[in-house]
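Here the structure comes first, spelled out in structure tokens, and everything after it is commentary.
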Amino acid sequence: MKAAWNGYVTAPVIGALWCAVIAVTVAVAMSFATGAPFRPSWLALSWGAAAGFSALYGALVLWGAAAALLVAGLLGFGPMLSGDGAGLAAQLVGHGGVALFTALGLAKMCEELRPGPATRHEFEEAVIRFLTGFGYIFFTAIVVIPFYVMVMTSLKNQAALMANPLDFSLDLTRRWHLFDSYVELLTQYNFGSYLWTSFYVSVLTVVITLAFAIPGAYAVARLRFRGQALMSRSVLLIYMVPMIVLALPIYIAFSMAGLRNTIFGIVLIYPVTTIPVALYMLQGYFRGLPAEIEEAGLMDGLSRLKVIWKITLPLSLPALASVSLYVFMIAWNEFLLAFMLLDDPGKFTLTRGIASLNSSEVPRQHLMAGAVIATVPIMAIFLGLERFMTKGLTAGSVKG
Amino acid sequence: MSTAIPPTGRGPLARREARLAWGLLLPTLTAVSLVVILPLLAVFWIAFKPVGLAELRPPTIMAREDVRGGPEAPGDEATLRYRLRNSSQDQQIRGVTLTDAWPEGVTLVDPGALNPACEITDGRLMCDFGDWEGGARETLAIDVTVDQAFLDAPDPSDSAPVITGDGDNVLTNLEFTFENFAQIFNGSEFWGVLGVTLFYTVFGTLGALVMGLFAALLLNKSFRGQGVLRGLYLFPYVAPVIAVAFAWVLLFDPFSGSMNALLIQMGVTSEAINFFGERPLALIMVTLFEIWRYFPLSFLFILARMQSIDTDMYEAADMDGASPFQKFRFLSLPQLLGILSVLFLLRFIWTFNKFDDIFLLTGGNAGTRVLTVNVYEQAFALSNIGAGAAVAVVIFCCLLVFSAFFFKVMSREEGL
């Protein structure tokens with residue numbers, strides 16, 4: 001291990017790995033953006049090692065190496081190879097990107113490394129910086145790629161996608177026709193009504209859930225009674241029972257009671273799946289509120305219910321907001337029950353509607369447009385209220 | 001002077017508080033027991049029943065009525081015919097009766113030839129057939145002569161005959177069987193399913209935890225854009241599962257998927273890979289999907305815990321000359337152990353329970369059938385509700401074991 005604590009070893013190794021990471025990233029990004037054949041080359045390792053080595057001798061040398069990388073790339077023996085299909089502009093951007101990001105990253109990573117032996121701190125600092133850079137690229141890529149593919153597919157047509165599955169560049173001359181899939185979904189496939197159904201089912205679920213969960217959570221968190229500990233444990237236990245175990249009898253019961261295929265049945269069943277979650281999150285929050293304020297209210301002559309209404313609830317507005325958001329998200333994204341209980345296309349929720357698009361007769365840009373329609377509202381709400389959402393998620397839900 | 005002693009036992013105030021507590025809990029308890037406890041009991045009940053999807057309804061008598069002979073003029077002869085059968089092949093129906101309006105303007109050719117079970121009174125035909133075994137059928141043919149009133153009246157088969165009879169519903173009778181369990185445990189398939197479930201659960205949970213830890217380490221410093229990245233990294237978890245699952249399926253499609261095109265272009269593979277259709281690749285892919293979708297959750301929890309660690313400790317370690325890796329290994333990791341173990345257990349249970357993801361990605365094909373998908377598969381694809389319920393019972397028992405373990409660890413850690 002100690003042999004690695006040397007600038008002459010660490011810098012080229014990190015340089016080689018980093019240059020490979022950048023070459024792969026830029027090749028993937030350029031392929032997805034233009035559809036032209038870009039691919040990383042094994043030469044990236046040796047070019048990177050050289051760049052890492054040069055980073056030991058100061059910024060000027062490093063930028064010289066970067067310029068060499070760019071030229072080599074354009075001439076066809078750099079870290080990334082571009083095929084014939086790539087235009088000059090794309091080539092410049094691609095190879096320039098490889099050179100630029102390799103040099104920028106290495107400048108940061110090898111900042112503390114000097115030619116010759118390095119201390120443990122300098123070595124570990126360089127490794128950590130490499131891992132950090134790699135981590136940002138890695139996580140961003142895995143999160144962004146599926147969503148990018150989803151959105152871009154919805155804007156293209158089947159024939160273009162079959163011809164070159166990598167070409168996600170948009171034909172801007174089509175102007176508004178880019179959104180044809182969305183228009184068709186909303187007009188011919190009834191998605192407007194699914195959107196509305198999903199929305200009001202989710203809102204009703206939130207309202208009903210809160211109406212049940214607030215008193216229950218308060219009782220479990222604050223009031224003393226026999227069986228309180230047992231109750232708070234059962235909340236968590238029930239929260240763990242998988243829906244698929246309950247789905248069978250619910251399906252049978254709903255079939256017999258004629259509640260299958262009705263929105264009423266869905267509104268009846270959704271809150272029960274979310275009440276344990278809400279109860280669990282809220283009781284955690286209520287426990288954290290200082291009991292003294294409530295006791296002061298009691299001393300001043302308020303009844304318990306008044307205390308809840310006038311003191312506890314106003315104090316827990318942030319928690320209520322995050323619980324509502326979380327419950328809304330669960331109801332909006334719910335798939336299993338909607339899939340089992342709804343068969344009538346007039347009553348579908350969004351998720352059920354998307355499931356019905358999954359057939360070979362429906363072009364896949366429609367499927368992806370449906371996915372985008374379902375994703376955008378929940379994302380918009382989430383990003384707008386991210387503060388509450390993150391708090392809500394950590395407040396006691398590890399459920400997925 | 002007597003010394004004051006604190007009151008013991010439950011005073012009126014305590015009793016009032018308990019009453020209020022139960023009052024507040026009552027609506028929730030009712031709702032939860034209706035939709036969780038009752039169905040759970042029902043699952044156990046059904047698991048011991050020989051019941052398929054088709055046998056959910058009790059057996060009934062199916063009846064058809066028609067007029068044969070085609071009477072055209074008054075005085076013609078015709079045959080009123082009722083064909084009856086038991087809808088079930090093996091179940092008895094008790095007290096079968098038939099009642100129908102006797103059409104106007106017909107007279108029996110031979111009143112003595114009428115089936116002895118039947119009689120005609122007040123313009124109604126009434127028959128009492130007694131008990132019918134499974135598969136029983138009966139044709140009731142009544143020869144009549146018609147007059148003008150019959151020819152003018154609408155077709156007599158317009159008035160449907162009323163039929164009564166009690167059949168046992170297999171769901172409510174007291175017949176039990178271990179057949180469902182024998183069936184699911186005997187099949188070599190079951191142990192395969194269990195193995196797949198364990199692989200998926202263990203690696204999905206561990207992977208999500210490690211990735212979450214890595215992401216949390218990345219974002220545990222303040223820089224511009226930290227908030228944006230944190231929001232971005234939560235996307236997989238917040239988006240509807242159906243949307244992201246289909247996006248993955250399209251991305252990895254063997255014929256026109258971008259990922260295959262990319263891999264071929266980069267020279268990693270020479271021919272398209274069927275990511276979700278091959279053993280054991282499909283199982284690895286659904287596990288990767290699980291990691292991808294749930295790392296944000298672990299990330300969020302671990303980050304929250306990291307930000308609550310005292311910075312003094314790190315300053316002290318810096319003074320003592322600890323290196324960055326040493327600080328992580330000897331300071332951060334022990335501090336995070338509590339949340340990591342709680343997260344592991346919770347995620348383990350929920351991954352074990354996961355249904356939607358695999359169902360949408362592969363439908364349980366290509367060696368990805370886990371226990372939860374097996375419930376659906378048995379109950380709806382194979383129409384064997386009893387076997388499905390038996391698998392559900394197995395899942396529930398596993399769950400009980402896990403949660404007993406969980407509560408033990410949880411009360412030690414007290415975290416979360």
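Because the structure is a prediction, the values reported are computed rather than measured. Naming: A, B, ... by sequence-line order, numbering from 1 per chain. Just so it is clear, the values below take in all heavy atoms, side chains as well, and ignore hydrogens, waters and symmetry mates.
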| So B:L217 and A:T132, side-chain contact (heavy atoms from CB on, under 4.5 Å) or not? Walk me through it. | CA-CA 9 Å; B:L217 285 170; A:T132 310; over 6 Å; no
| query | Can you list the steps and then say if B:L40 with A:L246 is a side-chain contact (heavy atoms from CB on, under 4.5 Å)? | reply | CA-CA 6 Å; B:L40 265 183; A:L246 307 179; 4.0 Å; yes
| request: In sequence, state the C-alpha distance, the side-chain angles, and the governing distance for A:F138 and B:F214, and then conclude on ring-ring contact (aromatic ring centres under 6.0 Å, His included). | output: CA-CA 11 Å; A:F138 175 72; B:F214 189 19; 7.3 Å; no
| query | Can you list the steps and then say if A:I244 with B:L371 is a side-chain contact (heavy atoms from CB on, under 4.5 Å)? | reply | CA-CA 10 Å; A:I244 186 78; B:L371 278 172; over 6 Å; no
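Neither the backbone nor the side chain of A:A247 comes within contact range of chain B; no heavy atoms are under 4.5 Å apart. Interface remark: A:I354 contributes backbone and side-chain atoms alike to the contact with chain B (heavy atom separation under 4.5 Å). At a 4.5 Å heavy-atom cutoff, B:K327 makes no contact with chain A through either its backbone or its side chain. Residue A:M243: no heavy atom, backbone or side chain, is found under 4.5 Å from chain B. When heavy atoms are compared at a cutoff of 4.5 Å, B:L399 approaches chain A solely by way of its side chain, counted from C-beta outward. Of the two parts of B:L229, only the side chain, counted from C-beta on, holds a non-hydrogen atom closer than 4.5 Å to a non-hydrogen atom of chain A. Using a 4.5 Å cut-off between heavy atoms, A:I142 contacts chain B through both its backbone and its side chain. Looking at A:R222, the atoms closer than 4.5 Å to chain B (heavy atoms on both sides) all sit in the backbone: N, CA, C or O. With a 4.5 Å cut-off on non-hydrogen atoms, B:I395 touches chain A through its side chain but not through its backbone. With a threshold of 4.5 angstrom between heavy atoms, A:A36 approaches chain B through N, CA, C or O but not through any side-chain atom. Both the backbone and the side chain of B:F246 have a heavy atom closer than 4.5 Å to some heavy atom of chain A. Of the atoms belonging to B:V36, heavy atoms from both backbone and side chain fall under 4.5 Å from chain A. Neither the backbone nor the side chain of A:V376 comes within contact range of chain B; no heavy atom of the residue lies under 4.5 Å from a heavy atom of that chain. With a threshold of 4.5 angstrom between heavy atoms, B:L38 does not approach chain A through any atom at all. Contact of A:L336 with chain B is made through backbone and side chain together, with heavy-atom distances under 4.5 Å. Using a 4.5 Å cut-off between heavy atoms, A:V127 contacts chain B through its side chain alone, with no backbone atom that close. Only the side chain of A:L305 comes within less than 4.5 Å of a heavy atom in chain B; its backbone stays farther off. Interface remark: B:F328 contributes no atoms to any contact with chain A (heavy atom separation under 4.5 Å). With a 4.5 angstrom heavy-atom cutoff, A:A27 touches chain B via backbone and side-chain atoms both. Of the two parts of B:I242, only the side chain, counted from C-beta on, holds a non-hydrogen atom closer than 4.5 Å to a non-hydrogen atom of chain A. Using a 4.5 Å cut-off between heavy atoms, A:L268 makes no contact with chain B at all.
B:V35 places a side-chain heavy atom less than 4.5 Å from the side chain of A:I269. Contact annotation: the side chain of A:P146 never approaches that of B:V244 to less than 4.5 Å [non-hydrogen atoms, C-beta and beyond]. Side-chain atoms of B:L251 and A:T153, non-hydrogen and from C-beta on, never get closer than 4.5 Å to each other. Annotation: side chain of A:M240 is not in contact with side chain of B:F402 (no heavy-atom distance under 4.5 Å). In this structure, A:V28 and B:M266 have side chains that are in contact, with non-hydrogen atoms separated by less than 4.5 Å.
Between B:F223 and A:Y136, the ring planes lie perpendicular to each other; the angle is over 60°, past the 30° to 60° tilted range. Classified by interplanar angle (parallel below 30°, tilted 30° to 60°, perpendicular above 60°), the ring pair A:F335/B:F359 is tilted. B:F235 and A:F382 have perpendicular rings, their planes meeting at more than 60° on a 0 to 90° scale where under 30° would count as parallel.
For the options B:V43, B:V249, B:I37, heavy-atom pairs under 4.5 Å to chain A are most numerous at B:V43. Highest contact tally toward chain B, considering only A:F32, A:F339, A:W332, is held by A:F339 [criterion: heavy-atom pairs under 4.5 Å]. Contact count against chain B (heavy-atom pairs under 4.5 Å) is highest for A:P37 among A:P37, A:A213, A:A217. Between chain B and the options A:L367, A:I275, A:I250, the largest number of non-hydrogen pairs under 4.5 Å is found for A:L367. Top candidate by heavy-atom pairs under 4.5 Å with chain B, chosen from A:F147, A:F139, A:F212, is A:F139. Interface check for chain B: of the options A:I214, A:T140, A:V24, the most heavy-atom pairs under 4.5 Å are formed by A:T140. Chosen from B:G321, B:A322, B:A239, the residue pairing most often with chain A at heavy-atom distances under 4.5 Å is B:A239. Here B:A392 is the residue among B:A392, B:A14, B:G257, B:G388 with the most heavy-atom pairs under 4.5 Å with chain A. When the candidates A:I373, A:L383, A:V143 are compared by the number of heavy-atom contacts under 4.5 Å with chain B, A:V143 comes out ahead. The most heavy-atom pairs under 4.5 Å with chain A, out of B:G23, B:P296, B:P236, come from B:P236.
The distance from atom CG of A:L279 to atom OG1 of B:T28, rounded to the nearest 0.5 Å, is 6.0 Å. Note that OG of B:S403 is 11.5 Å distant from CD1 of A:I238, once rounded to the nearest 0.5 Å. Here CG of B:L250 is found 5.0 Å from CZ of A:R364. Values are rounded to the nearest 0.5 Å. Atom CD in B:Q265 sits 9.0 Å away from atom CZ in A:F38 (nearest 0.5 Å). A distance of 7.5 Å separates CD1 in A:I145 from CG in B:L262, rounded to the nearest 0.5 Å.
Legend: residues meeting salt bridge (Lys or Arg N to Asp or Glu O under 4.0 Å) with A:R224, ordered by chain and number and at least two apart, are B:E17. For B:S323, the side chain to side chain contact (heavy atoms under 4.5 Å, CB included) partners at least two apart in sequence or on another chain are A:R120, A:H121, A:E124, B:F325, B:Q326.
A side-chain donor-acceptor contact under 3.5 Å links A:N333 to the backbone of B:V238.
Contact detail for A:M368 and B:A247: the closest heavy-atom pair is CE-N, 3.7 Å. In terms of heavy-atom proximity, B:P324 sits nearest to A:I128 at CB-CD1, 3.2 Å. Taking all atoms of both residues into account, the shortest heavy-atom contact from A:M340 to B:Y376 is CG-CE1, 4.4 Å. The heavy-atom pair separating B:A31 from A:V272 by the smallest distance is O-CG1, 4.0 Å. Residues A:L248 and B:A389 come closest through the heavy atom pair CD1-N, 3.5 Å. Among all heavy-atom pairs drawn from B:L24 and A:Y218, the shortest one is CD1-CD2, 4.2 Å.
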